[in-house]
Student: 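I have a structure I would like to understand better, so I am pasting it below and will then ask my questions one at a time.
Chain identifiers are assigned alphabetically (A, B, ...) following the order of the sequence lines, protein sequences preceding nucleic acid strands; residue numbering begins at 1 within each chain. Heavy atoms only: backbone and side chains are in, while hydrogens, waters and symmetry mates are out.
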Amino acid sequence: MAASAPPIALVDGNNFFASCEKVFDPSLRGVPVIVLSNNDGCAVARSAEAKALGIPMGAPLFKIRDIVAAHGVRVFSGNFELYGDMSRRVTEVLSSFTPDLEVYSVDESFLAFPGMDHARLLDLGQVIRKRVERWTGIPVGVGFGPTKTLAKLANYLAKKVTMFDGVASLMEAEVRQAVLAQIPVGEVWGVGRALAPRLEAMGIRSAYDLAALDPRQARRAFTVVGERLVRELNGLSCLGLDDVPPARQSAVVSRSFGRAVTSRAELEEALAAFAHRAAEKIRAEGLAACYVQAYAHTNRFAEPESRYAGCAGTTLIEPTADGGLLIGEVKSLLERFWRPGPGFAKAGVMLAGLVPEASSMGSLFGRPAPKRDKAKRLMAAMDALNARMGRDTIKPLAAGLGKPWQGKSAHRSKAWTTRWAELPVVRA
DNA sequence: TCTGGGGTCCTAGGACCC
DNA sequence: TCTGGGGTCCTAGGACCC
């Protein structure tokens, strides 16, 4: 056999958001738990017990009220501050195993183990599971493969097949031969809603069928994405491990409203709040934006005749991360697409064309340097205070005090780990 | 009554230039 | 009558991911 590719592990949290809630509330053990998206809209995480009740991923809460009531399902509003912090803790534990780590999402990381003996991988996987669970309280699954795509598939098996006890490996070609035919093609990482039916129409039903496709044919039918899929499934690594996260290209802040917004002043306030938050995000990464866009639309499930979507964007004279300036921009953008009448259900602000702040050296037409520097110091002071005292300790008035447009969040748990006032209390 | 948010990559097609 | 070809850049939109 050719020198095989170094093992890659995919480690991910089981039912991550639901597990985070369980860590801090012992009464949730053995009980069905769901976590809702923003605005208490859909179930975005389900504990094993909730899955067993047949609650589908992404189910709108109003459609599962009956199941929730009948089985005493515990319902939580998304507490993303908590999940973010728990995610950071899990990553910290994982980095005790290898420096070669890519944080792929809030609940998933790829880890590389070059030179590791394949025979020892399953044991290593169990050690990882135990350490993460003991140190953070979060149960995880581990999948090993010579490529990211195969590591993802192995992770799928680790969860799906009880016998694997949370750890599986697809390092060996013979194992893949035996197993891939059992996996529906739609489970392959990168095969989504649109691609799966097209593949099935071609008679490609399993991961095995897809792996057997001629890469050139895959490219013709499904672009380079398809070709890469086929190669990755055959153990040829096309997707490297990014241990340094690539610089972000855009930042979006958007929200669904708690109720339809019909007042222009309210919509303007919401957009200002989003612009403020988006500016905060890019400042935290030392970036500045060259382009800003604002948008708002009515309920996307409404009758087509009554729908309206407005959107406007502008290129900035000089890159900026100044919240005050960006708030001014979105206000004038709103002027371009505002329309009285429709009740807006959701709005958002996008900052794009992000560049390192240091490279924004101003322009002939930009603001004079002293004014710009003053704004910069103001932003830095605000960020420092908010970092210490908690988000929105201070914020621009334009971003609103009342927030009548704010989404629903009726079942929020505490920010147990990130706010002093909400620290759990232990009684002996 | 009630249906998330935040990203990336890829392609097609138009504008523009030589 | 006849009306190039190729490259680049930008944007919009689709698909995918979690």
Student: Kindly express the pairing pattern of DNA chain C in dot-bracket notation, using | wherever a base pairs with another strand and counting only Watson-Crick or G-U pairs under 3.5 Å.
Tutor: ....||||||||||||||

Student: What does the B/S/- profile of nucleotides 7-18 of chain C look like, 5' to 3', with a 4.0 Å heavy-atom cutoff to protein?
Tutor: --------SSSS

Student: Would you say A/Ser250 places a side-chain N or O within less than 4.0 Å of OP1 or OP2 belonging to B/dG6?
Tutor: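 No.
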
Student: Using modelled atom types and a 3.5 Å cut-off, is there a donor and acceptor pairing between side-chain atoms of A/Asn79 and backbone atoms of A/Lys414?
Tutor: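 Confirmed, A/Asn79 side chain pairs with A/Lys414 backbone.
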
Student: For A/Asn38 and for A/Arg219, locate the closest nucleotide of DNA chain B by heavy-atom distance; then report the residue assigned to the nucleotide nearer the 5' terminus.
Tutor: A/Asn38

Student: Nearest-Å distance, CZ (A/Phe301) to C1' (B/dT3)?
Tutor: 4 Å

Student: Identify whether any heavy atom of A/Arg65 sits under 4.0 Å from a base atom; if not, whether one sits that close to sugar-phosphate; answer base, sugar-phosphate or nothing.
Tutor: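 Answer is nothing: A/Arg65 stays at 4.0 Å or more from every strand.
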
Student: Send over the distance from A/Lys63 NZ to B/dT1 C1', rounded to a whole Å.
Tutor: 14 Å

Student: Can you see which heavy atom on A/Ala321 is nearest to which on A/Ala279, and at what distance?
Tutor: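 Taking every non-hydrogen atom into account, O-CB, 3.8 Å.
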
Student: Looking for any heavy atom pair under 4.0 Å, which part of the strands does A/Ala251 touch: base, sugar-phosphate only, or nothing?
Tutor: sugar-phosphate

Student: Is there a donor-acceptor pair closer than 3.5 Å between any side-chain N or O of A/Glu102 and the backbone N or O of A/Asp242?
Tutor: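 Yes, A/Glu102 side chain to A/Asp242 backbone: donor-acceptor pair under 3.5 Å.
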
Student: To check you understand the geometry: which heavy-atom pair defines the closest contact between A/Val261 and A/Leu267, and what is its length?
Tutor: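 For A/Val261 versus A/Leu267, the nearest heavy atoms are CG1-N, 3.8 Å.
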
Student: Using side chain to side chain contact (heavy atoms under 4.5 Å, CB included) as the criterion, point out the one residue from A/Leu53, A/Ile55, A/Ile67 that pairs with A/Ile34.
Tutor: A/Ile55

Student: For B/dG6, does OP1 or OP2 lie under 4.0 Å from any side-chain N or O of A/Ser254?
Tutor: yes

Student: Heavy-atom count around A/Met389 CE within 6.0 Å, excluding the residue itself: above 12?
Tutor: no

Student: Which is true for A/Arg228 with a 4.0 Å heavy-atom rule: it touches a base, it touches only sugar-phosphate, or it touches nothing?
Tutor: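 It contacts sugar-phosphate atoms only.
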
Student: Any chance the rings of A/Phe110 and A/Trp189 have centres within less than 6.0 Å?
Tutor: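 Centroid distance A/Phe110-A/Trp189: below 6.0 Å, so yes.
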
Student: Using ring centroids (six-membered ring only for Trp), state whether A/Trp405 and A/Phe274 fall under 6.0 Å.
Tutor: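 When the ring centroids of A/Phe274 and A/Trp405 are compared, they turn out to be within the sub-6.0 Å range.
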
Student: Starting from C1' on B/dG4, measure out to NZ on A/Lys346 and report it in whole angstrom.
Tutor: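 That distance rounds to 6 Å.
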
Student: Assign each of A/Lys281 and A/Asp40 to its nearest nucleotide of DNA chain B by heavy atoms, then name whichever residue's nucleotide is nearer the 5' end.
Tutor: A/Asp40

Student: Would you please indicate yes or no on a ring centroid separation below 6.0 angstrom for A/Phe80 and A/Phe17?
Tutor: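 Yes, the ring centres sit under 6.0 Å apart.
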
Student: Using OP1 and OP2 only, check whether a side-chain N or O of A/Lys408 sits under 4.0 Å from B/dG4.
Tutor: no

Student: Please report the distance, rounded to the nearest Å, between CD in A/Glu81 and C1' in B/dG5.
Tutor: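 For the pair A/Glu81 CD and B/dG5 C1', the rounded distance is 16 Å.
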
